[in-house]
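Some notes on the structure that comes next.
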Amino acid sequence: MLRIADIKENLPKVTKGLEKKGVADAAAQLGELVKLDDLRRKTQMEMDAALNESKTISKQIGVLMQSGDKEGAEKAKAQTGELKSKSKNLQDQLKEAEEQLTQMLYNLPNIAHDLVPEGKTPEDNKIVLENGTMPELAENAKPHWDLIEQYDIIDFNLGNKISGAGFPVYKGKGAKLQRALINFFLDEAAKAGFDEVQPPIVINTDSGYGTGQLPDKEGQMYGIVDSDLFLIPTAEVPITNIYRDVMLKEEDLPVRNVGYTPCFRREAGSWGAHVRGLNRLHQFDKVEIVQITLPENSYAALEDMCTYVESLLEKLELPFRKLLLCGGDMGFTSAMTYDMEVYSAAQKKWLEVSSVSNFESYQANRLKLRYKKDGQSTLLHTLNGSALALPRIVAAILENNQSDKGIAVPKVLQSYTGFDLID
RNA sequence: AGAGAGUUGGCGGAGUGGUCGAACGCGGCGGUCUUGAAAACCGUUGUACCGUGAGGUACCGGGGGUUCGAAUCCCUCACUCUCUGCCA
């Protein structure tokens with residue numbers, strides 16, 4: 001979340017950044033925040049004074065008791081009654097002010113970077129790169145939902161029976177292709193200098209707040225009955241939360257982690273007839289890269305991560321484009337986000353397969369993730385990106401690589417799959 | 001899952017109601033000594049919030065309570081260890 005001190009110091013900039021993000025009443029909300037913070041400080045001053053006074057008397061009572069002056073002690077005790085209720089009141093007020101302040105800050109998104117384009121909808125995103133050649137498909141080319149049935153590699157009906165819609169069963173060469181992609185992505189990341197971790201796929205509420213899924217996206221996560229735990233919507237949550245309440249050393253930076261996990265999303269409200277096959281699932285596999293950097297290095301790291309993700313798409317021989325998201329289309333916690341979209345030729349659609357974001361210190365502030373800079377604790381910057389999400393990659397491979405003979409497996413994957421054709 | 005024992009500063013470990021933010025040891029940092037280093041000795045060494053500052057307040061796993069006063073007593077939750085049970 002944003003820091004109240006920063007907000008007060010840069011009010012116009014924060015207002016603008018929030019408005020770009022789509023917070024219509026930003027100025028009013030910030031005004032409220034500033035007022036609340038002033039109240040908080042004033043209350044603390046009064047409370048500290050009251051506590052100081054009663055503490056002093058208490059110490060005197062201790063001394064009097066020890067010297068055997070019971071009367072004096074009783075007299076002193078009488079003085080504390082009023083102070084006690086006063087400081088208790090102030091304490092309650094302070095707590096309330098702090099709670100309100102935190103609530104408001106929790107519900108305030110990160111501010112957009114200056115270079116983020118204005119806009120409200122995906123149409124306002126800026127295409128910054130197009131790469132690869134568009135496949136030319138035969139007249140009778142099929143969308144992937146038909147191909148998976150034809151080759152019997154993914155079974156939605158079976159998933160319906162076991163779990164429900166959006167939980168497919170991968171079979172035979174389909175299952176092997178999944179495993180191949182996961183291993184390929186992990187190996188590539190390792191080569192690029194990311195340290196592999198395998199985190200839990202359920203998280204507690206502290207972790208949810210740490211990276212900003214709570215309270216913003218509670219409805220998007222699957223909760224676990226009777227336990228205050230959630231299934232992760234992305235590995236970003238458990239991996240980044242490794243560093244919650246951590247003071248890193250400058251020489252440890254940058255931290256670069258990669259992890260594979262399944263991801264679970266309710267996708268409440270976004271389910272519709274236009275979302276077919278692998279385009280949107282409740283459970284999907286993803287390899288995620290996470291970086292923690294010095295503040296001054298985070299935008300260079302963002303570019304590096306994009307370059308890395310692009311290299312994966314090139315190796316898979318998939319045509320893709322890179323978008324710089326406009327303020328209105330960005331995630332709650334992000335300061336700048338690039339999306340990577342592959343072209344899925346039979347359904348003639350661009351599919352988002354990666355989202356690479358710089359959160360600056362927004363998550364770090366919630367996480368209390370810091371390092372010592374000249375003896376001062378300073379918030380670090382966090383970043384993450386999909387590298388990559390599987391289902392839509394699979395959709396694009398199936399559609400783009402289809403022919404009469406079957407579906408050609410990209411060369412880089414063949415040593416992982418053990419076959420070069422799905423037929 | 002049941003029974004018991006724990007959780008104190010970077011680490012180890014005292015402290016069971018009163019000047020305790022916390023003895024002592026280790027580690028870290030600074031210094032003396034040394035050509036340099038080691039050893040020895042001296043000093044210093046948590047975090048956050050409030051305050052222009054002097055300084056103040058809070059924090060001994062989390063939350064709540066008793067008390068003039070809580071690391072210390074009570075309740076509750078979480079976690080760790082040991083034993084029993086169950087299990088991949």
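A note on names: the letters A, B, ... follow the listed sequences, proteins ahead of strands, and every chain is numbered from 1.
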Both A:E98 and A:I57 contact RNA chain B. Taking the nearest nucleotide for each, which residue is further toward the 5' end?
A:E98
Which residue, A:K95 or A:I4, contacts RNA chain B at a nucleotide closer to its 5' end, judged by nearest heavy atom?
A:I4
From [options], nucleotide with atom closest to [X] side chain:
X      : options             : answer
A:R370 : B:U47, B:U19, B:C68 : B:U47
A:K55  : B:U57, B:A48, B:G51 : B:U57
A:K59  : B:U57, B:G51, B:U19 : B:U19
A:M47  : B:U19, B:G51, B:U57 : B:U57
A:I61  : B:C68, B:G65, B:U57 : B:C68
A:Q44  : B:U57, B:C49, B:G51 : B:C49
A:L51  : B:A58, B:C50, B:U47 : B:A58

Using the [atom1] atoms only, state how far [M] lies from [N], rounded to an integer number of Å.
N     : M     : atom1 : result
B:G12 : B:G17 : C1'   : 27 Å
B:A37 : B:G18 : P     : 47 Å
B:C29 : B:G21 : P     : 29 Å
B:A58 : B:G69 : P     : 12 Å
B:G62 : B:U72 : P     : 11 Å
B:C60 : B:G10 : C1'   : 16 Å
B:G46 : B:G36 : C1'   : 34 Å
B:C81 : B:C75 : C1'   : 24 Å

Please name the nucleotide paired to [N] by Watson-Crick or G-U wobble geometry with both distances under 3.5 Å, or report none.
N     : result
B:U44 : B:G28
B:U35 : none
B:C87 : none
B:G9  : none
B:G69 : none
B:C20 : none
B:A3  : B:U82
B:G51 : none

May I ask you to check whether over 12 heavy atoms, not counting those of A:E314, lie within 6.0 Å of atom CD?
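More than 12 heavy atoms, drawn from other residues, nucleotides or ligands, come within 6.0 Å of this atom.
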Check the distance between [N]'s [atom2] and [X]'s [atom1] and give it to me in whole angstrom.
X      : N     : atom1 : atom2 : result
A:L369 : B:A48 : CG    : P     : 14 Å
A:K70  : B:G18 : NZ    : C1'   : 15 Å
A:Q376 : B:C49 : CD    : P     : 10 Å
A:Q60  : B:U19 : CD    : P     : 14 Å
A:L367 : B:U47 : CG    : P     : 20 Å
A:L105 : B:C49 : CG    : C1'   : 15 Å
A:Q93  : B:C50 : CD    : C1'   : 16 Å
A:Q91  : B:C50 : CD    : P     : 17 Å

Are the aromatic ring centres of A:H113 and A:Y299 under 6.0 angstrom apart?
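For A:H113 and A:Y299, the ring centres are under 6.0 Å apart.
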So that I know where these two stand, are A:F167 and A:F156 an aromatic pair - ring centroids less than 6.0 Å apart?
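Here the rings of A:F156 and A:F167 have centres that are no less than 6.0 Å from each other.
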Would one find a side-chain N or O of [X] under 4.0 angstrom from OP1 or OP2 of [N]?
X     : N     : answer
A:R41 : B:G51 : yes
A:N52 : B:U57 : yes
A:T80 : B:G69 : no

Could you tell me whether the side chain of A:D124 reaches within less than 4.5 Å of the side chain of A:D329, counting heavy atoms only?
no
Hey, what do you get for CG (A:D304) to CZ (A:R256), rounding to the nearest 0.5 Å?
7.0 Å
Salt bridge or not for A:K191 and A:E188, using N-O below 4.0 Å?
yes
NA contact type, [X], heavy-atom cut-off 4.0 Å: base, sugar-phosphate, or nothing?
X      : result
A:K42  : nothing
A:K75  : nothing
A:S54  : nothing
A:S58  : base
A:M247 : nothing

Check: residues 6-15 of chain A side-chain donor-acceptor pairs under 3.5 Å, at least two apart:
{"from": "A:D6", "atom 1": "OD2", "to": "A:R3", "atom 2": "NE", "distance (Å)": "3.0"}
{"from": "A:D6", "atom 1": "OD2", "to": "A:R3", "atom 2": "NH2", "distance (Å)": "3.1"}
{"from": "A:K8", "atom 1": "NZ", "to": "A:D37", "atom 2": "OD2", "distance (Å)": "2.5"}
{"from": "A:K8", "atom 1": "NZ", "to": "A:D38", "atom 2": "OD1", "distance (Å)": "3.1"}
{"from": "A:N10", "atom 1": "ND2", "to": "A:D6", "atom 2": "O", "distance (Å)": "3.1"}
{"from": "A:T15", "atom 1": "OG1", "to": "A:L11", "atom 2": "O", "distance (Å)": "2.6"}

Taking the six-membered ring of A:F332 as reference, does the NZ or CZ atom of A:K217 fall below 6.0 Å from its centre and within a 45° cone about the axis?
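Checked: cation-pi criterion not met.
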Under 3.5 Å, side-chain donor or acceptor atoms of residues 175-187 of chain A against the rest of the protein: list the pairs with distances, not counting sequence neighbours.
{"from": "A:Q178", "atom 1": "NE2", "to": "A:D285", "atom 2": "OD2", "distance (Å)": "3.0"}
{"from": "A:N183", "atom 1": "ND2", "to": "A:R179", "atom 2": "O", "distance (Å)": "3.3"}
{"from": "A:D187", "atom 1": "OD2", "to": "A:Y416", "atom 2": "OH", "distance (Å)": "2.7"}

